[in-house]
Amino acid sequence: MKKTFFSCLLLAALTVTGNAQVKIDAGYATDFTIAGTARAEDSAYLGITGVKNIAEGLNAYGFNYLVPGNFSSADDSALDASQNHAGLGLAYDVSSLGAFSFTLDGQAVYHVVNGPLGDSFQYSLGATFDSLPVLGEVSDLTIAYIDDVDLDINGVQVELSRKYNVWDSLSVTPAIGHYAMNDYDATYAGATLTYEAKDWKPYVNLRYLDNDADGLLAVDSDTQVSAGIKFNF
């Protein structure tokens, strides 16, 4: 009940004066991960995001991801637990500074977990560069600092990614990245295939992820698959 109430409150705050977009993301993942660490296995997920323009180049957003828990046998109660990941953020687009253009992003997230990992507060500050000399011809660069205060996890994420049109409404977005955290490192590489049919966007993601975290946060399977559909209104 508390999770549903928070979702409704979040979206109402973002859309109360109009000029906002709401996005739904529903799907299934063999591994649900956060900052390169395992959080759930074999689970569905439902995400609700609201984005509102509040000034030229400045957008506020809020999101809430519900993860109900494991669909298969329980091998680890921590990865079977129902979860809720809700956050607020600000994104500012800088259109051009010479050869550079980028988006600054700051967000705060609260993770509610009905399991042994426990609840935690996380914040991040980062920037995505979509126009850089040489590199900008083939990829966007994202650099972010991440800090989960309660779990004592902090460090830097670096990612290269870009969306490419394959055919008509079909696109592929390859991504490769690394988390250099205080207690572990995680490296990932994969791609998302998306079909854009007006406001409906079904997608499939295949990714390789390897981390050296211990205990509950360790990733058992390096190969991860997720599939779902996004809807904008």
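Values reported hereafter were calculated over all heavy atoms of this structure, with side chains retained and with hydrogens, waters and symmetry mates removed.
- Aromatic ring orientation, His85 versus Phe32: parallel (interplanar angle below 30°, classes split at 30° and 60°).
- Asp140 and Thr128 share no side-chain donor-acceptor pair at under 3.5 Å.
- With respect to Lys163 and Glu196, a salt bridge is recorded, a charged nitrogen being found less than 4.0 Å from a carboxylate O.
- Heavy atoms only, all atoms of each residue included: Asp31 and Thr223 are closest at OD2-O, 4.2 Å.
- Put simply, NZ on Lys201 and OG1 on Thr194 are 8.0 Å apart, with the number rounded to the nearest 0.5 Å.
- Scanning all heavy atoms of the two residues, the minimum distance from Val219 to Gly36 falls at CG2-O, 4.0 Å.
- Between Ala38 and Ala218, the shortest heavy-atom distance links the atoms CB-O, 3.3 Å.
- In this model, a donor atom of one side chain and an acceptor atom of the other lie less than 3.5 Å apart for Asn59 and Asn53.
- For the residue pair Thr192 / Asn205, a side-chain donor-acceptor distance below 3.5 Å is found, with atom types taken as modelled.
- Side-chain contact, Tyr195 with Asp168: no donor N or O sits under 3.5 Å from an acceptor N or O.
- Between the side chains of Thr187 and His178, at least one donor N or O sits under 3.5 Å from an acceptor N or O.
- Residues Asp147 and Tyr123 have side chains that bring a donor and an acceptor to within less than 3.5 angstrom of each other.
- By the criterion of side-chain heavy atoms lying less than 4.5 angstrom apart, applied directly or through intervening Ile, Leu, Val, Met, Phe, Trp or Tyr residues, Ile229 is not grouped with Leu206; the two fall into different hydrophobic clusters.
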query = Do Ile143 and Phe102 pass the side chain to side chain contact (heavy atoms under 4.5 Å, CB included) test, and can you show the C-alpha distance, the side-chain angles, and the key distance before you say yes or no?
reply = CA-CA 11 Å; Ile143 302 175; Phe102 56 93; over 6 Å; no
key: side chain to side chain contact (heavy atoms under 4.5 Å, CB included) evaluation trace for Tyr65 with Ile48   = CA-CA 6 Å; Tyr65 266 81; Ile48 305 173; over 6 Å; no
task = Before giving the answer on side chain to side chain contact (heavy atoms under 4.5 Å, CB included), spell out for Gln83 and His111 the whole-Å C-alpha distance, their side-chain angles and the decisive distance to 0.1 Å.
result = CA-CA 7 Å; Gln83 305 169 34; His111 307 289; over 6 Å; no
message = Apply ring pair (Phe, Tyr, Trp, His ring centres under 6.0 Å) to residues Tyr179 and Tyr188 and explain how you reach the verdict.
response = CA-CA 9 Å; Tyr179 292 94; Tyr188 59 93; 5.7 Å; yes
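- To the nearest 0.5 Å, the span separating CG on Asp210 from CG on Asp185 amounts to 10.0 Å.
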